[in-house]
Amino acid sequence: MCANYCPDNAVDLALISPYRRTRQTLDMVSLDIVADKVEVNEDIIPDGSAELVSDYLSARIHSAVNSKQPLKRILVVSHMPLVSYLVDALCQSYTTSLFATASIAVIRYSLRTQKGTLVTHYQG
């Protein structure tokens, strides 16, 4: 999967929740994918606001467009149920997909439409 969506095995930004489990997950993912920058985000928690996180991601992407380091690949390591709601908010789909532990959703985000498209969903 990584070869299809992350051919250089790197992401520009990894956003993780403040919970220890997400740091442990990122440690394991980092064996295969390197993050140029890692940020802990207090809103990326199970009962966090998907709309708030979606708006934050959109703002980060837009603010980096003309910078020396645009954000082309972002990894978000989070928890259910936020993950389902976040995918819905980013894609404006509102289907509330269920994600098993260690699942991955790949979303292609359009700056023009400010909307994501769920490309694939790997169940853990």
Side-chain angles (χ1 to χ4, degrees):
M1 181 210 56
C2 187
N4 293 334
Y5 302 105
C6 194
D8 57 355
N9 294 346
V11 294
D12 301 309
L13 173 64
L15 291 173
I16 64 171
S17 90
Y19 294 1
R20 180 173 40 132
R21 183 69 187 108
T22 57
R23 288 191 294 274
Q24 292 170 335
T25 299
L26 182 62
D27 288 345
M28 294 306 298
V29 170
S30 294
L31 297 173
D32 294 314
I33 298 173
V34 176
D36 290 340
K37 185 174 183 181
V38 176
E39 286 182 12
V40 175
N41 185 302
E42 300 291 328
D43 297 314
I44 303 175
I45 57 173
D47 60 344
S49 166
E51 289 77 19
L52 182 68
V53 176
S54 176
D55 289 347
Y56 177 76
L57 286 167
S58 180
R60 286 297 304 272
I61 292 166
H62 283 273
S63 69
V65 167
N66 295 320
S67 74
K68 292 180 182 179
Q69 297 178 331
L71 297 174
K72 295 187 179 207
R73 291 188 194 104
I74 299 173
L75 172 67
V76 177
V77 183
S78 187
H79 317 267
M80 283 294 288
L82 177 68
V83 173
S84 289
Y85 299 131
L86 181 57
V87 169
D88 282 352
L90 288 168
C91 298
Q92 300 172 15
S93 61
Y94 309 102
T95 58
T96 315
S97 299
L98 295 178
F99 291 84
T101 300
S103 293
I104 298 171
V106 177
I107 297 172
R108 185 171 315 271
Y109 185 82
S110 167
L111 289 169
R112 184 181 53 76
T113 64
Q114 297 186 22
K115 180 181 174 186
T117 302
L118 181 62
V119 176
T120 192
H121 173 186
Y122 294 94
Q123 286 289 4

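Not measured: the values here are computed from a predicted model.
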- Linked, directly or transitively: Val29 and Val34 (ILVMFWY side chains, under 4.5 Å): no

- Non-hydrogen atoms of Leu98 and His121 that approach each other most closely: O-CE1, 3.3 Å

- Could you grab the distance from atom CD1 of Ile16 to atom CZ of Arg21, nearest 0.5 Å is fine? 12.0 Å

- Message: If hydrophobic clusters are built from ILVMFWY residues whose side chains come within less than 4.5 Å, do Leu82 and Val76 share one?
- Response: yes

- Item | Asp43 CG to Leu52 CG distance, which is reported to the nearest 0.5 Å | 4.5 Å

- Message: So, applying side chain to side chain contact (heavy atoms under 4.5 Å, CB included) with Tyr19, which one of Val40, Val77, Ile44, Ile45 is it?
- Response: Ile45

- Task: May I ask you to decide if Ala59's main-chain N or O and Ser63's side chain share a donor-acceptor pair within less than 3.5 Å?
- Result: yes

- Message: How long is the straight-line distance from CD of Gln69 back to CG of Leu71, given to the nearest 0.5 Å?
- Response: 8.5 Å

- Task: Specify the closest pair of heavy atoms between Ser103 and Gln123, including all atoms of both residues, with the distance to one decimal.
- Result: OG-OE1, 2.8 Å

- Check: Ser54 main-chain N/O paired with Ser58 side-chain donor or acceptor under 3.5 Å: no

- Note on the structure: Heavy-atom closest pair (Gln114 atom, Gln92 atom, distance to 0.1 Å) is O-NE2, 3.5 Å

- May I ask you to check whether over 12 heavy atoms, not counting those of Phe99, lie within 6.0 Å of atom CZ? yes

- Working for side-chain contact (heavy atoms from CB on, under 4.5 Å), residues Val11 and Ile74: CA-CA 6 Å; Val11 294; Ile74 299 173; over 6 Å; no

- Query: Distance from Arg20 atom CZ to Thr25 atom OG1, nearest 0.5 Å?
  - Reply: 11.5 Å

- Query: If Ile, Leu, Val, Met, Phe, Trp and Tyr residues are connected whenever their side-chain heavy atoms lie under 4.5 Å apart, and connections chain through other members, are Val65 and Leu15 in the same group?
  - Reply: yes

- To the nearest 0.5 Å, what is the distance between OG (Ser17) and CZ (Arg23)? 7.5 Å

- Message: Angle between ring planes, Tyr109 versus His62, binned at 30° and 60°: parallel, tilted or perpendicular?
- Response: perpendicular

- Query: Transitively linked via ILVMFWY side-chain contacts under 4.5 Å: Leu90 with Leu118?
  - Reply: yes

- Task: Answer yes if Met80 and Val53 sit in the same cluster of Ile, Leu, Val, Met, Phe, Trp and Tyr residues linked by side chain heavy atoms under 4.5 Å apart, and no otherwise.
- Result: yes

- Any Lys/Arg nitrogen of Arg73 or Asp8 sitting under 4.0 Å from an Asp/Glu carboxylate oxygen of the other? yes

- Query: Of the options Ile107, Leu86, Thr117, which is the one that meets Cys91 in a side chain to side chain contact (heavy atoms under 4.5 Å, CB included)?
  - Reply: Ile107

- State the CG-CD1 distance between Leu75 and Ile33, to the nearest 0.5 angstrom. 6.5 Å

